[in-house]
Structures are given as C-alpha cells and as structure tokens.
Amino acid sequence: ILVNQLRSEEIDLVLTNKPIYADDVQELASANLPVNLLVSSKNLKDFKIRVSRNTSAAEFIRLAPWGLILPSYKMKLRHETDLFMQEIKSRKKAVFESDIMSVVGRAIVDGAGIGFLPVAYVYDEIKNGVLTTLGPRAGYWKHSLYLLGRKNAAHDDTITEVKNSV
C-alpha cells in the first residue's frame, strides 16, 4: 500500500524494514541497527539481579523471572528474534505481543517482560537509565531499515534532512 502511495505521489518517502526492488523506486538511505536484549532497570533493581555487557542472552533469559515481549509474528523483527532464540538454543514464554513497535518498547519499559529491540528505538530510555541493555555494543544482530523514494524525483530540503538523519 505504501509503495503504491509513493508511486502515485500521495507520499514522498517510505521507511520500511523490507528492501523493495522496483524500477520506479529507489533506496535513498539505509541503516543497520544493533539489536540487544532489553530489560527494565527497575525490574533488575527490584529483583536484585546484576548484569554486565558480558552477561549472555541465553544465561539471562534462562534466569530471568519475566517472559518475552515480542513483535507480532507478521513482523520481520519477530522472525529475527525467533531465529536468534533458536541459535542460542533458548526458550521463554511469550507474555505479550504487538504489531506496534512503540507498544513493544513501552511494555518492556513498564516491566511486563524482556525483549529484543534495536537500540535506536529506545535510545532515550537507555540513556535515561530506564532500560538496561544486555549484549555486545554491536548488538546480537543487525535490523535493517530502508528509506525509499521515487526514482528521479526532486528532493527538497525536508526530504534531504530525513535522508541524512537515517
């Protein structure tokens, strides 16, 4: 729907996690965002759990009393999370799912469970100490985003600013 709206000039840009290959659409920018395991800092304090960047995801998931907060099964990040969980041979009960990424982040902030998100999605919460990240600075994996525009379209200052911010 969004790509069709882009083609019909109803919108100027599309930000998506799926690359689009079409003659009339071009990738203006892309970003590979590190994904880490996130937990409410309040939960860690309340349960007196100590972690460091070296705490492995598998170990923390096994010991944590909280379930997983997950994106909907329709979303790419969910597929990536499922693959990672298989890779580390870990299982955890899902306690909440949403197809709205801000709701997934909010549920983790509120302490409803733990979850994997790109750090950029919750940067302010991490910076303010509300969320604690586990895993390497480079993330457990990279989640890609793509900024798409119409091929050969003129770009005003606003579009250039969005492109540069991505």
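Residues: numbered from 1 along the sequence shown.
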J.: According to a 4.5 Å side-chain heavy-atom criterion applied to Ile, Leu, Val, Met, Phe, Trp and Tyr, with indirect links allowed, do Tyr123 and Leu134 form part of one hydrophobic cluster?
T.: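 Not linked; separate clusters.
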
J.: About how many Å separate CG of Asn4 and CD of Glu10, when rounded to the nearest 0.5 Å?
T.: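 Reported value, rounded in 0.5 Å steps: 9.0 Å.
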
J.: Are Phe116 and Val104 side-chain neighbours, meaning at least one heavy-atom pair lies under 4.5 Å?
T.: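 Heavy-atom side-chain distance check fails, nothing below 4.5 Å.
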
J.: Listed by chain and number, what are the salt bridge (Lys or Arg N to Asp or Glu O under 4.0 Å) partners of Glu97, not counting sequence neighbours?
T.: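 Once residues adjacent in sequence are excluded, the partners of Glu97 under the salt bridge (Lys or Arg N to Asp or Glu O under 4.0 Å) criterion are Arg78.
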
J.: Would you mind listing every salt bridge (charged side-chain N to carboxylate O under 4.0 Å, His left out) that reaches into residues 122-151, with sequence neighbours excluded?
T.: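 Those involving residues 122-151 are Asp12-Arg150.
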
J.: Tell me whether the count of non-hydrogen atoms from other residues, nucleotides or ligands lying under 6.0 Å of NZ in Lys42 goes above 12.
T.: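 Incorrect, the count does not exceed 12.
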
J.: Sort out for me which residue in Asn36, Leu117, Asn128, Ile108 forms a side-chain contact (heavy atoms from CB on, under 4.5 Å) with Val122.
T.: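 Among Asn36, Leu117, Asn128, Ile108, the one that satisfies the side-chain contact (heavy atoms from CB on, under 4.5 Å) with Val122 is Leu117.
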
J.: Working to the nearest 0.5 Å, report the span between CD of Glu27 and OG1 of Thr16.
T.: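 Here the rounded value is 11.0 Å.
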
J.: Quick one: hydrophobic cluster around Leu6, which other residues, with the 4.5 Å side-chain cut-off, linked directly or via members?
T.: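 Result for Leu6 is Leu2, Val3, Ile11, Val14, Ile20, Val25, Tyr146, Leu148.
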
J.: Salt bridge (Lys or Arg N to Asp or Glu O under 4.0 Å) with Asp99: which residues, sequence neighbours excluded?
T.: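 None.
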
J.: Identify the heavy atoms of His143 and Val35 that sit nearest to each other, and give their distance.
T.: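 Smallest heavy-atom distance, with atoms named: CB-CG2, 3.7 Å.
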
J.: Which atoms form the tightest heavy-atom contact between Met101 and Pro71, and what is the distance?
T.: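 The answer is SD-CB, 4.0 Å.
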
J.: Do the side chain of Ser56 and the main chain of Glu59 share a donor and acceptor less than 3.5 angstrom apart?
T.: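 It does hold such a pair.
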
J.: Same hydrophobic cluster for Phe84 and Leu63, using side-chain heavy-atom links shorter than 4.5 Å among ILVMFWY?
T.: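 They do not share one cluster, since no chain of ILVMFWY contacts under 4.5 Å joins Phe84 to Leu63.
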
J.: Rounded to the nearest 0.5 Å, what's the gap from CG on Leu145 to NZ on Lys76? Could you check?
T.: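 Result: 8.5 Å between the selected atoms.
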
J.: Report the C-alpha distance between Leu38 and Ile126 in whole Å, list the side-chain angles of each, state the deciding distance to 0.1 Å, and finish with yes or no for side-chain contact (heavy atoms from CB on, under 4.5 Å).
T.: CA-CA 9 Å; Leu38 299 162; Ile126 294 168; 3.9 Å; yes

J.: List for me each residue that meets side-chain contact (heavy atoms from CB on, under 4.5 Å) alongside Leu83, sequence neighbours excluded, and say none if there are none.
T.: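 With neighbours one apart ignored, the set is His79, Gln86.
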
J.: With a 4.5 Å cut-off on side-chain heavy atoms, are Tyr73 and Asp82 touching?
T.: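 Asp82 vs Tyr73: side chains apart.
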
J.: Indicate yes or no: at least one non-hydrogen side-chain atom of Pro118 is less than 4.5 angstrom from one of Leu77.
T.: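 Yes, close enough: below the 4.5 Å cut-off.
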
J.: So, for Gly67 and Lys92, which heavy atoms are closest and what is the spacing to 0.1 Å?
T.: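 Result for this residue pair: CA-CG, 4.1 Å.
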
J.: With a 4.5 Å heavy-atom cut-off, do Ser40 and Asp46 have their side chains touching?
T.: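 No; the side chains remain at least 4.5 Å from each other.
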
J.: Is the shortest side-chain heavy-atom distance between Val39 and Ile49 below 4.5 Å?
T.: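 No - every pair of side-chain heavy atoms lies 4.5 Å or more apart.
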
J.: To check you understand the geometry: which heavy-atom pair defines the closest contact between Pro34 and Ala138, and what is its length?
T.: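 Looks like CB-O, 3.3 Å.
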
J.: Under 3.5 Å, which donor-acceptor pairs link side chains of residues 158-166 to any protein atom two or more places apart or in another chain?
T.:
| residue | atom | partner | partner atom | Å |
| --- | --- | --- | --- | --- |
| Thr160 | OG1 | Asp156 | O | 3.1 |
| Asn164 | ND2 | Thr160 | O | 3.3 |
| Ser165 | OG | Val162 | O | 2.8 |

J.: side-chain contact (heavy atoms from CB on, under 4.5 Å) between Tyr140 and Leu37: does it pass, once the steps are laid out?
T.: CA-CA 8 Å; Tyr140 289 113; Leu37 181 58; 4.1 Å; yes

J.: Work out which heavy atom in Leu33 is nearest to a heavy atom in Ala120; give both atom names and the distance.
T.: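 Reported closest heavy-atom pair: CD2-CB, 4.2 Å.
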
J.: Nearest 0.5 angstrom please: Ile114 CD1 to Thr132 OG1, how far?
T.: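 That separation rounds to 12.0 Å.
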
J.: Considering all heavy atoms of both residues, which atom of Phe60 and which atom of Thr55 are nearest to each other, and what is their separation?
T.: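 Between these two residues, the closest heavy atoms are CB-CG2, 4.1 Å.
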
J.: Consider only side-chain heavy atoms of I, L, V, M, F, W and Y, link residues closer than 4.5 Å, and tell whether Ile69 and Ile88 are in one cluster.
T.: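 Yes; tracing contacts between hydrophobic side chains, which count when under 4.5 Å, links both residues.
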
